[in-house]
Novice: 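If you scroll down you'll find the structure; I have some questions about it.
Both backbone and side-chain heavy atoms feed into the values below; hydrogens, waters and symmetry mates do not.
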Amino acid sequence: MSSTELPESIAATAAGPRVSAVRIAEGERLRCVTLPGLTLNVRYRPSDRTGLPPALYVHGLGGSSQNWSAVMPLLEDVVDGEAVDLPGFGDSPPPDDGNYSVTAHTRAVIRMLDAGGRGPVHLIANSLGGAVATRLAAVRPDLVATLTLISPALPELRAQRGAWPTALLALPGVASLFTRMTRDWTAEQRVRGVLSLCYGDPGRVTDEGFRNAVEEMERRLRLPYFWDAMARSARGIVDAYTLGGQQGLWRQAERVLAPTLLVYGGRDQLVSFRMARRAAAAFRDSRLLTLPDAGHVAMMEYPETVAQAVRELIHETGHGSHGTGHGKSRETDHGKTHETDHETDHENRS
């Protein structure tokens with residue numbers, strides 16, 4: 001991945017009516033960013049406020065920009081936020097080259113930011129988006145003011161049992177087999193399965209939220225490329241986990257200069273809670289927020305708590321300054337803050 005990609009032309013237009021349109025929450029708008037070989041759907045909330053620093057939200061595997069609809073309005077007074085649909089997800093069509101690797105997703109976000117001239121941004125990401133954001137922050141520090149990672153998909157030696165289906169999905173032929181095996185499943189059944197896997201407490205989902213999720217699932221299942229995008233992106237995560245050297249995600253985490261907020265859920269079935277400590281040690285200027293009752297998508301389960309932590313990060317770092325890289329990790333759990341000095345540890349690893 002080049003760290004010196006030149007900006008491309010950008011086309012941003014309000015999204016008009018389309019077949020199987022995605023849901024737009026009150027106050028939200030959609031626009032399309034068109035680049036050579038790539039079209040990205042972007043969700044945003046128009047505001048009369050000017051001069052706010054830009055923020056970009058990046059979703060996880062199988063998610064979309066809708067995953068940020070609860071958090072975005074809570075931060076719209078401090079950032080000019082946009083949420084992107086990664087290629088092949090949400091309302092973004094597949095990339096022309098069919099590349100769904102973590103590197104390709106990272107390149108897509110870099111190209112969008114370069115084309116729009118929005119960097120440096122407050123980069124906020126979940127799961128697969130967390131791997132993308134980590135790589136982006138390592139190779140293009142000029143584009144990232146602060147970094148917030150919610151259950152980031154970073155390599156684990158012993159994967160959570162809940163993550164096994166994702167690994168299996170990456171195997172050739174499994175996606176088509178799973179499609180045949182589950183063709184009689186209703187959208188409601190699929191959504192309940194996703195919620196039980198991704199939420200610490202699925203009961204936190206409102207009736208309206210469940211109906212919206214079912215509607216979105218029905219829309220996705222009508223897309224001819226849905227399972228291909230899922231399988232290839234899952235394969236991209238597995239491949240990224242096997243990379244070593246300077247391309248390894250943990251090595252790239254150590255290169256991140258931006259002040260970083262790490263959010264981990266105690267009931268996460270996809271990303272192990274035990275990885276929180278390792279992540280806090282890897283990112284040189286990190287703060288750790290632990291939510292014992294949260295699952296894999298804390299920004300959807302506890303949007304107020306996550307938004308407040310992001311707000312504090314932005315305030316502490318001077319609304320977009322890169323911080324000092326002082327090598328300390330702050331851990332917050334139920335309002336208690338602890339500092340652990342990782343300075344020596346970082347020097348040893350370097």
Side-chain angles (χ1 to χ4, degrees), residues 1-12 31-43 54-65 82-145 147-149 152-155 170 225 228-253 255-258:
M1 180 192 315
S2 171
S3 62
T4 58
E5 281 195 74
L6 296 176
E8 307 273 4
S9 61
I10 184 170
R31 65 185 184 92
C32 287
V33 176
T34 303
L35 303 165
L38 186 69
T39 299
L40 297 173
N41 180 66
V42 177
R43 184 179 302 265
L56 182 68
Y57 302 87
V58 187
H59 64 81
L61 179 67
S64 74
S65 58
E82 294 185 341
V84 63
D85 286 328
L86 291 173
F89 293 94
D91 214 24
S92 291
D96 286 359
D97 62 5
N99 190 341
Y100 290 95
S101 67
V102 171
T103 295
H105 283 314
T106 305
R107 186 181 298 117
V109 178
I110 288 175
R111 291 178 62 197
M112 187 187 81
L113 290 175
D114 275 344
R118 282 178 60 83
V121 299
H122 295 290
L123 189 58
I124 304 167
N126 170 239
S127 193
L128 164 63
V132 169
T134 297
R135 183 155 290 176
L136 191 160
V139 302
R140 287 294 303 271
D142 59 301
L143 291 179
V144 183
L147 181 63
T148 297
L149 303 177
L154 299 175
Y225 54 82
D228 185 59
M230 285 285 291
R232 290 175 183 266
S233 291
R235 195 172 306 146
I237 295 175
V238 173
D239 289 344
Y241 278 21
T242 64
L243 289 176
Q246 294 300 317
Q247 295 303 311
L249 284 169
W250 284 113
R251 182 62 63 86
Q252 291 189 322
R255 292 166 51 192
V256 171
L257 300 176

Novice: To the nearest 0.5 Å, tell me how far T134 OG1 sits from L154 CG.
Specialist: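 If I round to the nearest 0.5 Å, the distance is 5.0 Å.
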Novice: Measure the spacing between CG of L113 and CZ of R140 and express it to the nearest 0.5 Å.
Specialist: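 Between atom CG of L113 and atom CZ of R140 there are 8.5 Å.
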Novice: Give a yes or no on whether the backbone of S64 and the side-chain of R43 come within a donor-acceptor separation of less than 3.5 Å.
Specialist: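 The answer is no, because no donor-acceptor pair under 3.5 Å joins these two groups.
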Novice: Mind listing the closest non-hydrogen atom pair of H59 and S65 along with its distance?
Specialist: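 Scanning both residues, the minimum pair turns out to be CD2-N, 3.8 Å.
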Novice: Quick one: closest heavy-atom pair of A258 and A145, and the distance?
Specialist: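 Minimum heavy-atom contact is CB-O, 3.8 Å.
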Novice: Do the side chains of R235 and D239 get close enough for a salt bridge, i.e. N-O under 4.0 angstrom?
Specialist: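 Salt bridge absent between R235 and D239.
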Novice: Taking all non-hydrogen atoms of both residues into account, name the closest pair between A133 and A125 and its distance.
Specialist: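 It is CB-CB, 3.7 Å.
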Novice: Kindly give the heavy-atom pair with the smallest separation between S127 and L61, and that separation in Å.
Specialist: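 Closest approach of S127 to L61, heavy atoms only: OG-N, 4.5 Å.
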Novice: L147 pairs by side chain to side chain contact (heavy atoms under 4.5 Å, CB included) with which of I124, L257, V256, L136?
Specialist: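 Only match with L147 under side chain to side chain contact (heavy atoms under 4.5 Å, CB included): V256.
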Novice: Can you name the nearest heavy-atom pair linking S92 to L86, along with the distance?
Specialist: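 Taking every non-hydrogen atom into account, CB-O, 3.5 Å.
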Novice: Once rounded to the nearest 0.5 Å, what's the spacing between atom CD1 of I110 and atom CG of D142?
Specialist: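 With rounding to 0.5 Å, CD1 (I110) is 9.0 Å from CG (D142).
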Novice: Just how far is it from atom CZ of R31 to atom CG of N41, taken to the nearest 0.5 Å?
Specialist: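 So the CZ of R31 and the CG of N41 are separated by 9.5 Å.
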Novice: Any non-hydrogen side-chain atom of T103 less than 4.5 Å from a side-chain atom of R135?
Specialist: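 Yes; the side chains approach each other to less than 4.5 Å.
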Novice: Considering only heavy atoms from C-beta outward, does the side chain of L40 approach that of R111 to under 4.5 Å?
Specialist: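 No, too far: nothing below the 4.5 Å cut-off.
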Novice: Is any side-chain heavy atom of R118 less than 4.5 Å from a side-chain heavy atom of L56?
Specialist: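 No, too far: nothing below the 4.5 Å cut-off.
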Novice: Quick one: sort the F89 and Y100 rings into parallel, tilted or perpendicular, breaks at 30° and 60°.
Specialist: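 Correct class here is perpendicular.
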Novice: Would you compute the distance between atom CG of L38 and atom CE of M112 and round it to the nearest 0.5 angstrom?
Specialist: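 Between L38 CG and M112 CE, I get 10.0 Å after rounding to 0.5 Å.
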Novice: To the nearest 0.5 Å, what is the distance between CD1 (I237) and CG (L128)?
Specialist: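 Answer for the CD1-CG pair, I237 versus L128, is 4.5 Å.
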Novice: Between P87 and H105, what is the shortest heavy-atom contact and its length?
Specialist: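 Closest pair (atom of P87, atom of H105, distance): CD-ND1, 3.6 Å.
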